[in-house]
Every structure is written in structure tokens, then in C-alpha cells.
Participant: 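Here's a structure for you.
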Protein chains: 2
Amino acid sequence: MSACDTCVVRNRAICSSLDSEELKALNAIGRRRTLEPGESLMWEGEDSVLVANVIEGVLKLSTGTEDGREQIVGVVYPSDFIGRPFGSTTGHGVTALTEARVCVFARKDFDAFAREHPALEHKLLQRTLAELDRTRRWMLLLGRKSAGEKVASFLLDMSERLVQPDCMGFTSDGKLSRFSLPFSRQQVADVLGLTIETVSRQFTRLKAEGMIDLPSRREVVIVDREALAAEAG
Amino acid sequence: MSACDTCVVRNRAICSSLDSEELKALNAIGRRRTLEPGESLMWEGEDSVLVANVIEGVLKLSTGTEDGREQIVGVVYPSDFIGRPFGSTTGHGVTALTEARVCVFARKDFDAFAREHPALEHKLLQRTLAELDRTRRWMLLLGRKSAGEKVASFLLDMSERLVQPDCMGFTSDGKLSRFSLPFSRQQVADVLGLTIETVSRQFTRLKAEGMIDLPSRREVVIVDREALAAEAG
DNA sequence: CGTGACTTTGAGCCATTTCAACACGCGTGG
DNA sequence: CCACGCGTGTTGAAATGGCTCAAAGTCACG
């Protein structure tokens, strides 16, 4: 019995395209790994040596300028795929935000396996297309939205993406009304292209205006989703 | 003899994965179309009914907010692929910036054809991964760069991407030192997340500082590439 | 409890936007 | 052939949103 058989993301990750025989072969070239919060799996500009599936946890994808400014260019959740198959270099760093478990493959092994399994490549293509759509939508936020709109949009996005497949406490349409942010204020700023101070001020303003509540530093309660959506522009 | 046999992007577009028999089949489900500058091929939010290959010309991909702010989320050139295969809706509008020729397919037909031709899907995956990398790099610009850095980065990007496979007048490393922008000032602003006035001021500043020259509204000459690269941050 | 990292709050400043006027180029028609 | 008008781009002055710098507050952890 391979590790895949008990994998919690087995039916959602790209692996779901494989039958048990193929899964066994994939399992043979991969290995599990856990990451502590803040630990990186790959670095920007590095040779693309690894790819992986996220089993558990939240990770950020980030790039930066030489003088230290950082931009988070993506956030990945369980069942998401990370790394750059069929390419020579990694365009962004990958760092765990929470404790995380991933299923890692040497890129070369994965590439070879994928080329022999069109159904796997098809899943990967679907995922990549969806991620590209999502990324492009985020560009509208970065380029054209005000700080208030950015923060409101961010909170709504989080309330949709932090839903665990098996978790309680979300509204009928699958959106959380209360959640714990996997980001520090600085990281929120790095997602939104703002400074930490501006993010903090917007949080307190949204709270003061009754749209959200902030029981603790990382906890967020969406009190008035409609108003927050209006604020998001 | 099918239209594909004389296609100028035949060897660079995703079609290059097909043999002549397959190409004939693909040709049977596609048709050519020309677009005037400003003409749209698809609209944001619309059902995904078409996909296409760009044969000639430059097109923009753009999204906007309800209140009319616009963000250009991508620019496509000859041999690039457009549209959203395997998905129900189009996330962004596609509009010709120059006169353009495209090779259009009904999405359903294309999807079916692609699923039967793994080599084609593989090419599409490679392209999509590369586009995602590029898009993520652009997020750093949108989120973290100043107006001066944005404009300088933009000009350098243009000097690399406007190179025609068969054109003269580029430096040894395949970068143009003189080119004609396919964008109006407003469109440059929409790519960079700035206002038209800020773009104009940065253009004149870069010219005043001797990094570029502007022989006419659309023409750009890169005089000091090194200084421009430093300016790009 | 004390220490250090993270967050909030405040005050002033500056880059970019906003609003407004003007310039340029180009096609049209008198 | 020139005057006119219109779309596009430039320039200026003022307003402002978000940033910078600085200080105080909060929380987790020893």
C-alpha cells in the first residue's frame, strides 16, 4: 500500500487522473516532506529541480527586487501544484506560511512521467489555465484598485479559498464568515502591493465601519459581506 | 494544400506539434479571420466559445472594473494562443491593437481535438506555463515599482518582444533599439497601472535624461539601454 | 513579569492623480 | 490650399492617497 492510497488530496490533486497502477509508479518517484512556517522549498532564480503537490498547509509564491521590495505572486493550498515543470528556472520563491506537507518530485523524473501520461498533463494544463485566469484577475487589483478596495477584495478572496473540504462554519454558498489568516500584516501588504501601515489602517477602518470584526491578530470575522463586496469595487 | 502549409507561424505556434495529416484535420475545424485595430474577438465574462492562434498583429487582453477602470493583463503576438480552452467563461476581453490575422476555432471543437492529441496539449501546457511565469513577473511591476521603473521596464520589455523573426535592425542579442509602439499612451497607462499623464511625464523625462528618443508619438529609440535598465530597477 | 516581534497609531511628506488648459497632427471640406 | 475640428498627447498647478518615519501598544513566550 503506497502513501498515495491514504492521501487526503488524492481526489483533487492532479494525481486523480491516474489509475492505481500509475499511481504506484508516481509514488515511487516522489517523497513526502514537511515544512515549518517560514521554511522555503525553492528560491527565485534557482534551477528548477523540484516540483510538488501540496497536501496540507498554505504556501506563498514570491518575487522581489534587488533592493528588497517583495511581491507575493501567488498563494497555494492543499491539492495545488507547485514548481516549474518543463522549464529550466524557477521564477519565484516558494515558502511555507503555515506548517505544510508536500509531495515532492525531482523535476526531471516528473517531466518524464508526465510526458508518458497525457491524462496527467491534461489535469496540469487545466490547473495552469485556472491559475493564469486567477493571476490575471489579481493584476486588476494591483494596478487599478485603491487600498480600501484591495483589502476588502483580499478578505473576500480569503473567505472563499480558506474553506476546507471537510470544515464546518461556512455559509451555504461555501464561503467562510470567520477564518484565521495564514498571513502576517507584512505578508498581506506583500500580496496587495501596499505597506504594512496602510493595511493596518484599512483593517481598523473596516472594523470601525462594522463590515468586519478582528477578534485577534490573525482572526477575521466577516460581519457584513454585502458591504464588504461593495467596498471591494 | 491547406492554409496551414503556408502559415507564417506554422513552426512556432502550438500547431508545430502536429504532422501533416493531423494539421489537415485541425485546419478543417478552423478558419481565418482578420481584425481591424480596436476590434474585439471576445469580451470579458462572455461564454468561452472561441480560441485562436495569432498569425499576425498585436492584441491586448484586458479586464476592467464596473466603474470603467481598465487593466491590460496581457499582450499577445504572432504564434501566441488566445482564449480559454477547457473552461466555460472568458476572463478578459481580447482586442486587436494593430490590424491582425488570427486562426479561429470553436472552443468545443478545439477541446475535442486537443484531447485526442497529447503533443498539442503538451505545447499548450508549455505556452501556458511560460505565460504564467511572465504574468507573475509583471505583478512585481504592478505592485512594487515606481512610475519611472514601470515605464523603463515597459520599454525594455517592448524592445524584446516586438522583434519580428525576420526583421533587421536589432542588436546582436535580439533586442530592438528602435521600434513602433502598438499602444496609445492610454493603453500604456492601462498596462502599467498608471494614468496617461504620468506615463507622458515619464516618457518626456526619460527623453530629457538622454535614455530614449521619441521621433514621433509611436516611435521609440533606446539610446542608452544600460541606463534604462538601471532605471527599471 | 520581562523581552522581543508584530501591530497600531500619529504626523508630515511626497509621488501620483486630478483637473484644466494648451499643443500637435491629420483629415475634411470650404 | 488653408481653416477648422477632433482625437491624442503634453504640460502645469493643486489636491490627495498612500508612504515614511517615529513612537507607543499588544501579545506570545520564556
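Predicted, not measured: the structure shown is a model, and the values here were computed from it. In what follows, chains carry the letters A, B, and so on, assigned in the order in which the sequence lines appear, proteins first and then strands, with residues in each chain numbered from 1.
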Participant: Taking side-chain contact (heavy atoms from CB on, under 4.5 Å) as the test, write out the residues that go with B:Glu44, two or more places apart.
Facilitator: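 B:Glu44 satisfies side-chain contact (heavy atoms from CB on, under 4.5 Å) with B:Thr63 once adjacent residues are dropped.
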
Participant: Does A:Arg185 qualify as a cation-pi partner of A:Phe203, given the criterion of NZ or CZ under 6.0 Å from the six-membered ring centre and within 45 degrees of its axis?
Facilitator: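 Geometry flag: set, cation within 6.0 Å and 45°.
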
Participant: Let me test you: for the helix from C:dC1-D:dG30 to C:dG30-D:dC1, what is the angle between the axes at its two ends (five pairs each), rounded to 10 degrees?
Facilitator: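 Comparing the axis at each end, I get an angle of 30°.
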
Participant: Detail all sub-3.5 Å separations between protein N/O atoms and N/O atoms belonging to nucleotides 7-10 of chain C.
Facilitator:
{"residue": "C:dT7", "atom": "OP1", "partner": "A:Arg185", "partner atom": "N", "Å": "3.3"}
{"residue": "C:dT7", "atom": "OP2", "partner": "A:Arg185", "partner atom": "N", "Å": "3.2"}
{"residue": "C:dT8", "atom": "OP1", "partner": "A:Arg185", "partner atom": "NH2", "Å": "3.1"}
{"residue": "C:dT8", "atom": "OP2", "partner": "A:Arg185", "partner atom": "NE", "Å": "2.8"}
{"residue": "C:dT8", "atom": "OP2", "partner": "A:Ser200", "partner atom": "OG", "Å": "2.8"}
{"residue": "C:dT8", "atom": "O5'", "partner": "A:Ser200", "partner atom": "OG", "Å": "3.0"}
{"residue": "C:dT9", "atom": "OP2", "partner": "A:Thr204", "partner atom": "OG1", "Å": "3.4"}
{"residue": "C:dG10", "atom": "N7", "partner": "A:Arg201", "partner atom": "NH1", "Å": "2.9"}
{"residue": "C:dG10", "atom": "O6", "partner": "A:Arg201", "partner atom": "NH2", "Å": "3.4"}

Participant: For B:Ser146, which residues count as a side-chain contact (heavy atoms from CB on, under 4.5 Å) partner, sequence neighbours excluded?
Facilitator: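 Residues passing side-chain contact (heavy atoms from CB on, under 4.5 Å) with B:Ser146: B:Glu149.
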
Participant: Looking at CD of A:Glu160 and CZ of A:Phe179, how far apart are the two atoms once the value is rounded to the nearest 0.5 Å?
Facilitator: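 Separation between the atoms: 10.0 Å.
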
Participant: Looking only at heavy atoms, which two atoms of B:Ala3 and B:Arg32 are closest? And how far apart?
Facilitator: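 Minimum heavy-atom contact is O-NH2, 3.1 Å.
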
Participant: In terms of side-chain heavy atoms, does B:Arg225 have a donor or acceptor partner in B:Ser159 at a distance below 3.5 Å?
Facilitator: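 Side chains of B:Arg225 and B:Ser159: pair found under 3.5 Å.
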
Participant: I want to know whether B:Phe81 and B:Phe105 have ring centres closer than 6.0 Å.
Facilitator: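 No, ring centres 6.0 Å or more apart.
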
Participant: I'd like to know whether the aromatic ring centres of A:Phe183 and A:Phe154 sit less than 6.0 Å apart in this structure.
Facilitator: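 When the ring centroids of A:Phe183 and A:Phe154 are compared, they turn out to be within the sub-6.0 Å range.
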
Participant: Please find the earliest and latest nucleotides of DNA chain D, in the 5' to 3' direction, that have an atom within less than 4.0 Å of any heavy atom of chain B.
Facilitator: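 Nucleotide range in contact with chain B: D:dG7 to D:dA13.
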
Participant: Tabulate below the donor-acceptor pairs under 3.5 Å that side-chain atoms of residues 90-99 of chain A make, not counting sequence neighbours, or state none.
Facilitator:
{"residue": "A:Thr95", "atom": "OG1", "partner": "A:Ser40", "partner atom": "OG", "Å": "2.8"}
{"residue": "A:Thr98", "atom": "OG1", "partner": "A:Val58", "partner atom": "N", "Å": "3.0"}

Participant: Closest approach of A:Ile222 and A:Leu155, non-hydrogen atoms and distance?
Facilitator: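 Shortest heavy-atom contact: CD1-O, 4.1 Å.
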
